[in-house]
Structure formats: structure tokens, C-alpha cells
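The structure under discussion appears below in the form of C-alpha cells.
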Amino acid sequence: MDYDVILRGPLGEMAAAEATSAGLNPTDLFAGAISWWSTAVSPAVSIASWPSAPLTVWMCQVHEAASDQSRIVDALRGYLGALAPLTPHHNVTNGRTYSKAVHSTRRAEIAGTGTSALLLTGSPFTTGSGSSWKSPLLELHTRTAWDGSHFIPTRGFRRYRAAGITAPPHVGALWTPTLRAWRGFLSTDAATWSRVLHFVQRSTPAPRETAPSQSWKHDLAKAYRWAFHTRPCLPYTPRAGKMWDVIRHTEHRWNTALPEEHGGFFLRVDDHVSRIAGTLAAAERAAINSTHIEAAWSLARRAVRDTCRLVAMDRDTVDQTIKDVDDTFRGMSTSEDDASPVPSNNPEGRPGYEDTHGSRSQSGENAIRRLKRWYQDSCQICATALVLPSPRHSYSEAAHIRAREHGGPDLTENLLCLCPNCHVLFDAGAYVLTDDLTVVDTVADRLLTELKRHRWHYIDYNHVRHHRHHWISRNPSPLTVLPPDQRS
């Protein structure tokens, strides 16, 4: 039954509002939206339980008819494509096509037209007997990509490294194989099989019970910008942490009570729950609380039951374990307590890119080029775009927020794209930024405008505060337009 899946947050609102018009079941659309959204924000968001792992939630939505293979992906592209841009790579079936997808993603990242996230769709499986994977190399690639430890040292890798791209790509998977193609998946390595949530796609959409709402579009747009501007590592509230521990402690019970060929799937149910909960929390710009764990568990529980159905597994042990988890949740204290997202001070994990003589490295030059491509040489303060009568056509300058002589790195989180006039005013302290990135005219003591920001431009607030405090301490008169806690 689908009624036991909690459609939580803006993603749940989207599924409830749009499923009927898309001809899909709300739970199927909700699950697919989680896979899409988790992949889109994975370059920026991590979770406290496993901060080194990507947030991506991998899914297989199994259906009977081959004509249904791209329907859910097409629907998600229409609903989420503008809010959380992502390029799906369809039917990646071998190492060569996978490498091609990664390289196209990297090129877009360098050009400033994309992030380091890509989504695998369609199906990588064969329909014959034996192992269902068309390529053992692809199976290895996907397994390590799920863990976040994958590199592809092929031609062009040095160019990415010179551009400061040293982290592995963030790879999501929303596979939609037919039942015939999926059947061989169980016969592959359980380590790969357990990294995917398996669903039986419902053929009949549920009727819409309430009037459709469009508020989810605004909420998701704000959440996407917040993710890349804040780069949060999402912690758990105490109650959410206890609930996740309950799920984690069922791993041994499932693995020992079920046949070996079936028990492997349940090895990572706790990881799936934590990633789903983190995805839902990121969509709400909040720490992971107990309602996120409950919604994540309800979806994982649906996947567990669907998996039992697909492999014709005895469900008695599984159902009893699910009941025990549900009963434990109901018996827990309702006290939530508070937790706040903790942004990373250096989300890209890289030091400043200057050599011993203070000159800018190739990585710094690439960061500047990426910044200017984002803004098309338009000033982030006054929106001026200087057009020149020359082959160069346009001109802008990269301004350091924390000056290089004060240890400011050549990274996009310490750079602004400005016109020459605003650059001089910013470097001289005539312009400073508040913590909410509003431009302050320190000469006239007035607020000017909110700083324009590209959706992928994260700005390190430590550099903003250093610049502001450095110049405010030299200002002969107090700035009354600044909040009291930002005047010193």
C-alpha cells in the first residue's frame, strides 16, 4: 500500500500536486524526486553521519512495459529541471559511455554552466540470463561512485586537476529497467545491489485529494540557492539520531535471519535512510529531525517490501522487523531538542592557490575564468557589463574579498565579479558586505543593494567578515545601517 509513505516537505508537495497530471503514482514521483534532488545538491550538502560520502540516493523503479522507461525522468525534468539543473545521461551501459558522461560534466563545470553532478537514467542491464550488467567495469565505477571515492584517470584528467577539480564526480542513479532486465540484478555482487533502493513502479496514479499548490517551486528554488551558498553539513537532532540508531541496529538481525542471497540488500538500509533524510532536510533548509527520519524510513520500508515482492522472498521476518522498528519509534520520547546546520569553512577542501612568490597559479586563473563565465562579465553590485569594441567584447575584474596580502585564496568563495569602479570602491573599503550579503556604502552610511549571486557561487562568510571588520575599524564614524552585532 502507498498510504504508509509520508510525502514530506516541498518534494512531497510537488509529488502530491503533479502526479495526477503526469500520469504517475505520487509515491513513485516522490521517490524519483528524492533521487533527482539528492544528486543535484550533492556537490554542496553533506550529512554528519557520513560527511565524506555523497548525498546521492540511488533507485531502481522496475516496471513491466518498456514504453514507461523514460516517463518519470521526463516528468522530473519538467518539474525540477529549472529549479535544480541536472543533465540525465540515458542508458549508460559501459565504461566508455560512463567516462564520456563524466567528462561532459567536468567540461560544463569548468565552463561554469554546470556542477560536478550527473544522473544516470534508463537501464544499464541486459535482458538475458546470468549477470545483468552489460559491463563489469561499469559495475565497478558505479559502486565506487556511490561511496564517493571514484576517479577516472583517463585523457583530460590533468586539465581538470589544473582547474582545481580534484574531488570525484557526484553520480546519481534513477534507473527504470523492465522487470525482465532487472531480474538478473540480484545475481550480481550484493555490494552493488545493496547500494540501490528497489521499487515496483505503480501503473495507476492515485486520485488527487486536494487542490494543487505551487508553493513548492519557490521553496525548492530557495533551498537550492541556500545549499550552494551555505554548503551545510547537516547534523541530527538528538531524537533523530536515536531513531537512526534503531534502524542501524536492525542490520545484523536482517542479515542473519534471511537467506544469504537476500540478506545483502538490507546491509545499507540505514545508509539509505540517512541519505533520504538529509535530502528532505536540505529541501527544507533545516537540520535532520525526527520527521525527516520518519519520512525517510517510510520510503525505505516501501522499498524493502517491494524488494521482497520482486525476488519472491519470505516476508515474515522482514515484516516483523519493520513492525519492531515502527513500535520502537512510537515508544520513544517526543522531545526533539535543537540542532543547527554547520556550514563548512572551506567547502572545496582546497588551500589557497599561490606559489611562494605570491603569483597566481593556473588553478587560480581557472577559478577566475569560471567566476566570470557565471556572471557573463556583469558586475555583482551594479550589474554593469562593459562592452568593448575589441575581439574581447566584454570586461570585468575578479575582486578578492579577503585581500591576497591578508591570506585570501584564489578560490571562487573568496572572489567577486565586479566592474572596475566597484572593484576600486570595494578594495578601498567604500563598499562592504553584511552577513546576508547586502552591499553597504560606508561613505554615505546607507544600504545599496543585495549582492547578485549565481546559484553555484558559494561565498565564504569568514572572508566577508574579515573584509568588513578590517575597514570598519578604520572608519572615522560608526555605521548605523549595520546590525549592532556587525559594527565591530
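What you see is a predicted model, and the numbers here were worked out from it, not measured in a lab.
Nearest heavy-atom pair across L24 and A75 is CD1-CB, 3.9 Å. Residues A283 and P10 share a closest heavy-atom pair of O-CG, 3.6 Å. Here the closest heavy-atom approach between residue H272 and residue W146 is recorded as CE1-CZ2, 4.2 Å. Between P54 and H170, the shortest heavy-atom contact is CB-ND1, 3.9 Å. The shortest heavy-atom contact between Y79 and A22 is OH-CB, 3.5 Å. S104 and H89 get closest at one heavy-atom pair: OG-CE1, 3.3 Å.
Side chain of T97 to main chain of N94: a donor-acceptor pair is present (N/O by atom type, distance under 3.5 Å, no hydrogens or angles). In this structure, W456 contributes its side chain and G114 its backbone to no donor-acceptor pair below 3.5 Å. The main-chain N or O of L140 is found under 3.5 Å from a side-chain atom of T144 such that the two form a donor-acceptor pair. A donor-acceptor pair under 3.5 Å links the side-chain atoms of H467 to the main chain of F426, judged by distance alone. Checked by atom type and distance alone, the side chain of Q376 pairs as donor or acceptor with a backbone atom of R373 at under 3.5 Å. A donor-acceptor pair is defined here as one N or O able to donate and one able to accept, closer than 3.5 Å; such a pair exists between the side chain of T442 and the backbone of A430. A donor-acceptor pair is defined here as one N or O able to donate and one able to accept, closer than 3.5 Å; no such pair exists between the side chain of H457 and the backbone of K452. Although no hydrogens or angles enter the test, the distance criterion places no donor-acceptor pair under 3.5 Å between the side chain of H463 and the main chain of H400. No side-chain donor-acceptor contact under 3.5 Å links T230 to the backbone of A227. Between the S42 side chain and the T56 main chain, no donor and acceptor come within less than 3.5 Å of each other.
A side-chain donor-acceptor contact under 3.5 Å links D436 and T438. Defined by atom type and a distance below 3.5 Å, a donor-acceptor pair is present between the side-chain atoms of Q214 and E18.
Contact annotation: the side chain of Y458 approaches that of E413 to within less than 4.5 Å [non-hydrogen atoms, C-beta and beyond]. Contact annotation: the side chain of L416 approaches that of I401 to within less than 4.5 Å [non-hydrogen atoms, C-beta and beyond]. No side-chain heavy atom of L437 sits less than 4.5 Å from a side-chain heavy atom of E450. V439 has its side chain out of reach of C422: every pair of non-hydrogen atoms, C-beta onward, lies at least 4.5 Å apart. In this structure, R77 and P88 have side chains that are in contact, with non-hydrogen atoms separated by less than 4.5 Å. Counting heavy atoms from C-beta outward, I368 and D410 have side chains that stay 4.5 Å or more apart. The shortest side-chain heavy-atom distance between P85 and R455 falls under the 4.5 Å cut-off. Residues T87 and T105 form no side-chain contact, since every pair of their non-hydrogen atoms from C-beta on lies 4.5 Å or further apart.
The salt bridge (Lys or Arg N to Asp or Glu O under 4.0 Å) check on R465 picks up D435, with sequence neighbours excluded. Listed by chain and number, the residues in a side chain to side chain contact (heavy atoms under 4.5 Å, CB included) with S290 are R239, M243, E336 (sequence neighbours excluded). The side chain to side chain contact (heavy atoms under 4.5 Å, CB included) check on K222 picks up H218, R225, R285, with sequence neighbours excluded. A84 pairs by the side chain to side chain contact (heavy atoms under 4.5 Å, CB included) definition with W36, W37, A40, Y224, not counting sequence neighbours.
Using a 30° and 60° split on the angle between ring planes, H454 and W374 fall in the parallel class, below 30°. Ring geometry for H466 against H470 counts as parallel: the plane angle stays under 30°, on a 0 to 90° scale with 60° as the upper cut. Ring pair F329/W297 is perpendicular by interplanar angle, where above 60° counts as perpendicular and below 30° as parallel.
Salt bridge absent: D460 and R231 never bring a charged side-chain N and a carboxylate O closer than 4.0 Å. Under the 4.0 Å criterion applied to side-chain N and carboxylate O atoms, E294 and R8 are not assigned as salt-bridge partners.
Atoms CZ and CD1, from R474 and I472 in turn, are 11.5 Å apart once rounded to the nearest 0.5 Å. Interatomic distance, T39 OG1 to L118 CG, rounded to the nearest 0.5 Å: 8.5 Å. For the atom pair CG (L7) and CG (L29), the distance works out to 9.5 Å, reported to the nearest 0.5 Å. D219 contributes atom CG, which lies 12.5 Å from atom CE of M14 (distance to the nearest 0.5 angstrom). In this structure, CD1 on I288 lies 7.0 Å from OG on S274, to the nearest 0.5 angstrom. Taken to the nearest 0.5 Å, the CG atom of D377 stands 11.5 Å off from the SG atom of C419.
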side-chain hydrogen bond (donor to acceptor under 3.5 Å, both in side chains) evaluation trace for T291 with N289 = CA-CA 6 Å; T291 59; N289 59 45; 2.4 Å; yes
Walk me through it: do I459 and L451 pass the test side-chain contact (heavy atoms from CB on, under 4.5 Å)?
-> CA-CA 11 Å; I459 295 176; L451 188 74; 3.7 Å; yes
Between S473 and H469, is a side-chain contact (heavy atoms from CB on, under 4.5 Å) present by the stated rule, with each step listed?
-> CA-CA 6 Å; S473 64; H469 295 165; over 6 Å; no
Can you check side-chain hydrogen bond (donor to acceptor under 3.5 Å, both in side chains) on H249 and D245, steps first, answer last?
-> CA-CA 6 Å; H249 290 152; D245 283 340; 5.2 Å; no
Let me see the working for Q61 and T176 under side-chain contact (heavy atoms from CB on, under 4.5 Å), right down to the final yes or no.
-> CA-CA 5 Å; Q61 294 216 6; T176 51; 4.3 Å; yes
Go through L86 and L76 one step at a time and tell me if the side-chain contact (heavy atoms from CB on, under 4.5 Å) criterion holds.
-> CA-CA 10 Å; L86 201 60; L76 291 170; over 6 Å; no
Can R71 and D74 be said to form a salt bridge (Lys or Arg N to Asp or Glu O under 4.0 Å), step by step?
-> CA-CA 5 Å; R71 190 153 58 102; D74 291 341; over 6 Å; no
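Judged as a ring pair (Phe, Tyr, Trp, His ring centres under 6.0 Å), not a single pair has a partner in residues 429-452 (not counting sequence neighbours).
A 6.0 Å sphere centred on NZ of K242 holds no more than 12 heavy atoms belonging to other residues, nucleotides or ligands.
Residue W58 is tested with L174, V171, L197 for a side-chain contact (heavy atoms from CB on, under 4.5 Å); the sole match is V171.
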Side-chain polar contacts of residues 475-485 - donor-acceptor pairs under 3.5 angstrom, sequence neighbours left out - could you list them?
residue	atom	partner	partner atom	Å
N475	OD1	S477	N	3.1
T480	OG1	D445	OD2	2.8

